[in-house]
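What you see is a predicted model; the values in this text were computed from it and never measured.
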Amino acid sequence: MKPTVSLHRPTWAGRNYSLLTAAAVVTNLGSHGALIAAAFAVLETGGDGGDVGLVAAARTLPLVLFLLIGGAVADRLPRHRVMVAANALNFVSQGAFALLVLTGEPQLWQMMLLTALGGTGHAFFSPAAEGMLLSSVSGEQVSRAFAVFRMAMQGAAVGGAALGGAMVAAIGPGWVLAADAVAFGVAGSLRAFLDVGHIAPRAPGGGLLSDLREGWREFTGRTWLWAVVVQFSVANAVVGAADAVYGPLVARDHLGGAGPWGLALGFFGAGTVAGALLMTRWKPRRLLLAGTLCVFPLALPSAALAIPVSVGLLCAVMFVTGVTLEVFGVSWMTALHQEIPEEKFSRVAAYDWFGSVALVPMATALAGPAESAFGRTSALWGCAALVVVVTAGALCVPDIRNLRRRTRQVTSAARPSADAESPVGGHG
């Protein structure tokens, strides 16, 4: 008789965690290819770097405008319903974008409008999704759970970016955008089955503005939190401009087009998978010190594009950057889960997201004019230098250097509010 093998999920991988992970895999498969497709859809209609930047800015501007409202809504309403509604909006907007590209020559304003609708959906989705994920795990294995989630999510990005670049080169950007729309529909269906019964009903509050003020107090009451967000407000802006605008242009002029650029982005995704795998084993005691040190390599891709290096060397640079950035990502999520009360996850996540993307629309919109004024090479070297400067500045904050991992989980009720919290350095 053959022995039967029983496969069990780890204790920390409950139903919600599994659904969230599966949905994230589906959306990442579609969205990473769609980012490449959108840029090349603009270029194929005769657009230049400035037009690519405007479309990218149109995606991030509503994200900035509606993120804080999205965070407050996600802490008031069942988070899974907010997520499903946002996925539905992304399904419609991305499907319309695909139809427009496949059936004619889309105008710049049309592409900007549809990407803006997608950004609006993202603004409501992101705080709800982060709050739902943070509330789906507990116990001493939260860091491993976040690492595995990010490994699965980033693993999908490897295939999505590489396949998306290849599909754009082979059959055009319209079909890649259509596949992304389908992915949003499938992911929204999965998220509809999330269970929020374990989350205590929210006590009636003083309204939306009161919720936003309370989230602001939680955010500003933690120096390590707002300092890192300020750091990434600059870093994300310049890296976003380099990836969304300069990357496709360098690929077109020096690397051979969409395929090699998609391959490079795929190597970045592979690096994030490797970094997440590393973080399933490594648990740095000083969470944010280790994480912030690993942000310095984020300057390398901009430098590589400025030279520009060969496709092989660019892929190696992107891989190393992905590994180190994922160390930060897992450390950051663990710190948020450890320090922020569950009922305020989404609002704090909204301020985190808001600060992190606030400058991205301006940076992407100015990328084209900056290239005209200073040259593409100088603009890329400037991007790399800014990443180094703001990361060094973050390391000057004592709370970032001293925040330590707790050896045992503290319940939400026992976590102090931002108003009463002692300095972060004393938690170790």
Of all heavy-atom pairs linking G355 and S233, the shortest is O-CB, 2.8 Å
Is there side-chain contact between E326 and V273, with heavy atoms separated by less than 4.5 Å? no
For the pair M111 and V42, evaluate side chain to side chain contact (heavy atoms under 4.5 Å, CB included) and give the outcome as yes or no after the intermediate values. CA-CA 8 Å; M111 293 186 284; V42 176; 4.0 Å; yes
Backbone N/O of T280 and side chain of R144: donor-acceptor pair under 3.5 Å: yes
Do W226 and F219 have ring centres separated by under 6.0 Å? no
Measure the CG-CD distance between L249 and E371 for me, rounded to the nearest 0.5 Å. 5.5 Å
Side-chain heavy-atom pair C383, V239 within 4.5 angstrom cut-off: no
Mind telling me whether H122 and F125 have parallel, tilted or perpendicular rings, with 30° and 60° as the class edges? tilted
Would you call R222 and D399 a salt bridge, taking side-chain N to carboxylate O under 4.0 Å as the test? no
Donor-acceptor under 3.5 Å (Y17 side chain, F149 main chain): yes
Approximate separation, where rounding is to 0.5 Å, of Q107 CD and L100 CG: 8.5 Å
When you look at CZ of R401, are more than 12 heavy atoms from neighbouring residues, nucleotides or ligands closer to it than 6.0 Å? yes
Any sub-3.5 Å donor-acceptor pair from N16's side-chain atoms to L194's backbone N or O? no
A394 and T292 have their tightest heavy-atom pair at CB-CG2, 4.1 Å
Are any side-chain N or O atoms of Y246 and backbone N or O atoms of A367, one a donor and one an acceptor, separated by less than 3.5 Å? yes
For the residue pair D51 and L54, establish whether any side-chain heavy-atom pair is separated by less than 4.5 Å. yes
Run the ring-centre check on F232 versus F328 and record whether the distance is less than 6.0 Å. yes
For a quick test of reading the model, state the closest non-hydrogen atom pair linking L67 to A123 and the distance between them. CD2-O, 3.5 Å
Would you say the side-chain atoms of D352 pair up with the backbone N or O of V348, donor to acceptor, closer than 3.5 Å? no
Rounded to the nearest 0.5 Å, what separates atom CG in L288 from atom OG in S331? 7.0 Å
With side chain to side chain contact (heavy atoms under 4.5 Å, CB included) as the criterion, how do V387 and V238 come out once you've worked through the C-alpha distance, each side chain's angles and the decisive distance to 0.1 Å? CA-CA 8 Å; V387 172; V238 296; 3.8 Å; yes
Please determine whether side chain to side chain contact (heavy atoms under 4.5 Å, CB included) holds for the pair R150 and M279, giving the CA-CA distance in whole Å, both sets of side-chain angles, and the decisive distance to 0.1 Å. CA-CA 10 Å; R150 294 177 67 92; M279 293 303 288; over 6 Å; no
Hey, do the aromatic rings of W332 and W224 have their centres closer than 6.0 Å? yes
How long is the gap from CG on L117 to CZ on R59, to the nearest 0.5 Å? 12.5 Å
Distance-minimising heavy-atom pair for G30 and A183: CA-CB, 4.3 Å
Can you confirm whether T27 sits close enough to R191 that some side-chain heavy atom of one is under 4.5 Å from a side-chain heavy atom of the other? yes
Would E218 and R347 pass as an ion pair if we require N to O under 4.0 Å? no
Would you check if R405 and T334 make a side-chain contact, meaning some heavy-atom pair closer than 4.5 Å? yes
Can you tell me how far CG of L225 sits from CD1 of I340, rounded to the nearest 0.5 angstrom? 5.5 Å
Taking the side chain as C-beta and beyond, is there a heavy-atom pair between T272 and F267 under 4.5 Å? no
pair I400-L289: side-chain heavy atoms closer than 4.5 Å: no
Contact summary for Q338 and R404, nearest pair of heavy atoms: NE2-O, 3.1 Å
Between the side chain of S93 and the main-chain N/O of N90, is any donor-acceptor distance below 3.5 Å? yes
Less than 6.0 Å separating the ring centroids of F184 and F91? no
Spatial distance of atom NE2 (H80) from atom CG (L20) [nearest 0.5 Å]: 11.0 Å
Applying side chain to side chain contact (heavy atoms under 4.5 Å, CB included), run through F124 and F66 and close with a yes or a no. CA-CA 7 Å; F124 284 87; F66 295 113; 4.0 Å; yes
Tested for side chain to side chain contact (heavy atoms under 4.5 Å, CB included) against P308, the lone hit among L314, V250, D253 is V250
Ring-plane angle category for H337 and F146, please: parallel below 30°, perpendicular beyond 60°, tilted otherwise. perpendicular
Taking the side chain as every heavy atom from C-beta outward, state whether R286 and N402 have any atom pair closer than 4.5 Å. yes
I'd like to know if the side chain of T115 and the backbone of M112 have a donor-acceptor N/O pair within less than 3.5 Å. yes
Is a side-chain donor or acceptor of T324 paired with a backbone partner of T321 at a separation under 3.5 angstrom? yes
If you compare all heavy atoms of W381 against all heavy atoms of A306, which two are closest, and at what distance to 0.1 Å? NE1-CB, 3.6 Å
